[in-house]
S.K.: 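Here's a structure for you.
If you read the sequence from its start, that first residue is 1, and numbering goes on from there. This structure is a prediction, so every number in the text was calculated from the model and none was measured. Counting starts at 1 for both ligands and their atoms, following the listed order.
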Amino acid sequence: MTLTISQANPRDAQFIAAQNLPLRDALDSDYHALGQALERRGVAIDQVTKAVAGFSVAIPSWGVGTGGTRFARFPGLGEPRNVFEKLDDCAVIQALTCATRSVSLHLPWDKTADLSALRERAALAGLEFDAVNSNTFQDQSGQPLSYKFGSLTHTDAAVRAQAIAHNLDCIQIGVKLGSKALTLWIGDGANFPGQHNLVAAFERYLDSASQIYAGLPADWHLLIEHKMYEPAFYATVIQDWGTSLLAATTLGPKARCLVDLGHHAPNVNIELIVARLIHAGRLGGFHFNDSKYGDDDLDAGSIDPHRLFLVFNELVDAEQRKPTAPPPAYMLDQSHNVTDPIESLMRSSIEVVRAYAQALLVDRAVLGGYQHSNDALMASQTLKRAFTTDVGPILAKARQLNGGAIDPIAAYRTSGYRAQCAVQRPASKTSSSGIV
Ligand code: RM4
Ligand code: MN
Ligand code: MN
């Protein structure tokens, strides 16, 4: 890819308006045509656009750096070198897409001595802080005890105490930033049969997690994230939604389950898991990404957009049945190894919003009728009709109404932001960017 050398600020309202100008008329006519088609289906397009314009998915701070695999990482140009620069990149994504109003931090990757400056920088960019993520899946330099054989479930109480203290620290930092949740994902598990006592390891988890739970402020949630395998290859302690739900119900009402789309066995019906967690009143959050084989962390909607739609179909169904229930925390969780992370995050947020918009188009009264009369074909057709509707004009109109770009990726490329970063942010060997 060649980089455009230009000095435009992609966050500047005038720059965005100038990019939108040549696209405006075509959008208006596409939007009008879609509005007419939807009207024939009894749907008022402006209502859908309004809901879409209010939707937001958080950006993972670790997503703006280039990711890698366990084989290699190929750093990108102008990567953010600290949390402030990560926020700057998030601000660009938000300015152009207007669908990413918050950032999810990972600690200690995003550690800074000046939390009030960080909060101020975020406020200036119109960004808030979503859930904070703790990290006890790797050792940090200078850390007294190692997590090689686990953290919250380690056999040594001193290691568990160190991991608990880190999580309590994360809560304190999150409080100062205005976060309302701690996401707990641990890599703990066994590589070989016999390595762990499977029952005892889970009991140690519950004991440690309850000490973290006790440190939660009254208006906070603990989001428990499960993952089937990796880094442990035989028996991960919090491996599936059943264990996650068991932990949440044992810990108390502030504990909820977080579903990362990449953390399941192949062919698992994720929308069914979503439905069960909604039933239990314990669906606390989402990490969106896409995958073909495992925890691939590919761009949301890039492999299986239909699954994303089916997940949103459950979420919208729940939202409409119980409008007072707080929605789960929506976050992206991806690793961008071969693309410009800003571009991947922009298109991923757009794909998440697309699935939401498609789910809003499902005629739920009609669907309920077909379900009741056991008309399997027409029930599934009702979903398909919503999924196959091109909601692109609604998404673009919502962005435009919010002051964003009709075509965010084109505007971003025209701005030359990445080339500007390449000059301003010379590569540093100690960069904490990305997942390796
Ligand atoms: C894990 C999991 C967590 C994320 C880390 C970096 O696989 O998805 O949410 O914090 O990766
Ligand atoms: Mn995740
Ligand atoms: Mn993951």
S.K.: Does the pair R119 and D114 meet the rule for a salt bridge (charged side-chain N to carboxylate O under 4.0 Å, His left out), with working shown?
M.R.: CA-CA 9 Å; R119 199 171 177 163; D114 199 346; over 6 Å; no
S.K.: Need the ligand 1 atom indices (1-based, order shown) with element for anything under 4.0 Å from a heavy-atom of D333.
M.R.: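 Counting from 1, the qualifying ligand atoms are 2 (C), 3 (C), 4 (C), 8 (O), 9 (O).
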S.K.: For F312, which of F286, F387, F288 qualifies under ring pair (Phe, Tyr, Trp, His ring centres under 6.0 Å)?
M.R.: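 With F312 as partner, ring pair (Phe, Tyr, Trp, His ring centres under 6.0 Å) holds for just one option, F288.
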S.K.: Does any N, O or S atom of H287, backbone or side chain, fall under 2.8 Å from the Mn ion (ligand 2)?
M.R.: yes
S.K.: To check your reading of the site, what angle at the Mn ion (ligand 2) do OE2 of E225 and OD2 of D333 form, to 10°?
M.R.: 170°
S.K.: Taking everything shown except R385 itself, do over 12 heavy atoms lie less than 6.0 Å from its CZ?
M.R.: no
S.K.: Yes or no: does H263 have any heavy atom under 4.0 Å from an atom of ligand 1?
M.R.: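 A heavy atom of H263 does come that close to ligand 1.
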S.K.: Within the 4.5 Å heavy-atom criterion, are D110 and K86 side-chain neighbours or not?
M.R.: yes
S.K.: Can you check side-chain contact (heavy atoms from CB on, under 4.5 Å) on S415 and F15, steps first, answer last?
M.R.: CA-CA 8 Å; S415 76; F15 167 78; 3.6 Å; yes
S.K.: Heavy-atom distances under 4.0 Å are what count here, so tell me which part of T183 touches ligand 1: side chain, backbone, both or neither.
M.R.: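 T183 to ligand 1: no contact under 4.0 Å from either part.
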S.K.: Indicate if the distance from the Mn ion (ligand 3) to the nearest N, O or S atom of D295 falls below 2.8 Å.
M.R.: yes
S.K.: With nothing but distance in play, are any N or O atoms of H106 less than 3.5 Å from an N or O of ligand 1?
M.R.: yes
S.K.: Suppose we only allow N, O or S atoms; which atom of D260 ends up nearest to the Mn ion (ligand 2)?
M.R.: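 Considering only N, O and S atoms, D260 comes nearest to the Mn ion (ligand 2) through OD2.
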S.K.: Need the ligand 1 atom indices (1-based, order shown) with element for anything under 4.0 Å from a heavy-atom of D260.
M.R.: 8 (O)
S.K.: Consider every N or O of W109 and every N or O of ligand 1, then say whether any pair is closer than 3.5 Å.
M.R.: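 No.
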S.K.: Which residue is it: T236, D260, D295? I am looking for the one with a side-chain hydrogen bond (donor to acceptor under 3.5 Å, both in side chains) to K227.
M.R.: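 Among T236, D260, D295, the one meeting side-chain hydrogen bond (donor to acceptor under 3.5 Å, both in side chains) with K227 is D295.
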S.K.: Would a 4.5 Å heavy-atom cut-off, applied to side chains only, mark H154 and D188 as touching?
M.R.: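 H154 does not reach D188 side chain to side chain.
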S.K.: For D295, take its heavy atoms, then give the atoms of ligand 1 lying under 4.0 Å from any of them.
M.R.: 7 (O)
S.K.: Which ligand 1 atoms are under 4.0 Å away from a heavy-atom of H287?
M.R.: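 Taking each heavy atom of H287 in turn, ligand 1 has 9 (O) under 4.0 Å.
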S.K.: Is the CD atom of Q47 crowded by more than 12 outside heavy atoms at less than 6.0 Å?
M.R.: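 No, not enclosed.
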